[in-house]
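Here is the structure we will look at.
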Amino acid sequence: MRVVVSLGGSVLAPDLDEESIRANAEAIEQLEAAGVELGIVVGGGSIARDYIEAARELGENEIALDDIGISVTRLNARLLIAALDGLAAPTPVESYEAGLKAMRRGDIPVLGGVTPGQTTDAVSAALAEYVEADLLVYATSVPGVFTADPDQDDQAEHISSMTPADLVDVIVDTELIAGSSAPVDLLAAKLIERSGMRTIVLDGTEPKRVVDAVLRGAHDGTDITPDGNRTSLPAWERE
Ligand code: UTP
């Protein structure tokens, strides 16, 4: 089974906390030991936002700011690589092709950003499609997809399973409201819709949850499947 895991910066290393990086590395090692072929994509978190904000104040243009964001995601990727003790390709992988090559060699590719104008949500969806993954998992700081942003709308309801087209609709609606943020961005949702990639969005603040979701299908997040139905998942993804 081939799985791409997207680790938001706030999930991997809140405040550069090494215990958290170690716990994420252990979860990845458990999946690898269970025979799962992995590709990992790491986000920039609050450190990327701080760098981007400082450079914006200094007058950098948006593409240059994206490049700074990519650099920070790759620094985070280096921390995870350091904790993975030789299981991963030794430096952050910078393209989908290099990611596939690393997997074929038996190394775990760890990517940060790839190109300006997007986020690592989209990198994860693109990598999953490129390597023909069976499953894409977004380990985020929220417990799945909601009908609206729960921070902005107390009527927001958690969605346990949905189609990729529903995901796109929910994200378009959420992003139309100022200050709202969705757990996965719109470009990523469109890529998931186009590829029909099976996807889980879950709260990854406890890395063990990713292991349970991948190996046993046990999770409290959101399943995104072509027919919107959780029971359509293969046995290894079902509770
Ligand atoms: P993130 O993927 O962490 O951005 O990349 P985000 O979704 O805004 O942050 P989270 O999910 O809250 O952690 C950090 C920044 O790096 C640039 C973008 O500027 C992005 O905001 N980036 C990342 C790119 O330009 N291209 C990429 O492929 C990835």
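Order of listing sets the numbers, starting from 1, for every ligand and every atom in it. Everything numeric here is computed off the predicted structure, so don't read it as measured data. Heavy-atom basis, side chains included; hydrogens, waters and symmetry copies ignored.
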What residue and heavy atom of the protein are closest to [atom], and at what distance?
atom                    : result
atom 25 (O) of ligand 1 : D66 CB, 3.1 Å
atom 22 (N) of ligand 1 : Q118 O, 3.2 Å
atom 12 (O) of ligand 1 : R49 NH1, 2.7 Å
atom 15 (C) of ligand 1 : G69 CA, 3.8 Å
atom 8 (O) of ligand 1  : T119 CG2, 4.3 Å

May I ask you to check if ligand 1 and [X] share an N or O to N or O distance below 3.5 Å?
X    : value
G44  : yes
L65  : no
T120 : yes
D67  : no

Inset, instruction - For the residue pair D166 and T163, confirm or rule out a side-chain donor-acceptor distance under 3.5 Å. - result: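 A pair is found: one side chain offers a donor N or O, the other an acceptor, under 3.5 Å apart.
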
Inset, instruction - Could you verify whether a donor N or O on one side chain and an acceptor N or O on the other, from T174 and D149, lie under 3.5 Å apart? - result: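 Judged by distance alone, the side chains do not pair up.
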
Inset, instruction - State whether the side chain of T225 and the backbone N or O of N229 hold a donor-acceptor pair below 3.5 Å, judged by distance alone. - result: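 Yes, T225 side chain to N229 backbone: donor-acceptor pair under 3.5 Å.
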
Inset, instruction - Out of T73, L12, T115, indicate the one that has the non-hydrogen atom closest to atom 5 (O) of ligand 1. - result: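 Looking at heavy atoms only, the winner is T73.
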
Inset, instruction - Please work out whether any backbone atom (N, CA, C, O) or any side-chain heavy atom from C-beta onward of V123 is under 4.0 Å from ligand 1, and answer side chain, backbone, both or neither. - result: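 For V123, the contact with ligand 1 is made by the side chain alone.
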
Inset, instruction - Answer yes or no: are there more than 12 heavy-atom neighbours, outside N61 itself, under 6.0 Å from its atom CG? - result: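 Counting other residues, nucleotides and ligands, CG of N61 exceeds 12 neighbours.
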
Inset, instruction - Could you label the plane-to-plane angle of the H158 and F146 rings as parallel, tilted or perpendicular, counting under 30° as parallel and over 60° as perpendicular? - result: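 H158 and F146: perpendicular rings.
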
Legend entry - Heavy-atom gap G8 to ligand 1 smaller than 4.0 Å: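 It does not, in that no heavy atom of G8 comes within the 4.0 Å cut-off of ligand 1.
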
Legend entry - Side-chain ion pair, R56 and E62, N-O less than 4.0 Å: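 Yes.
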
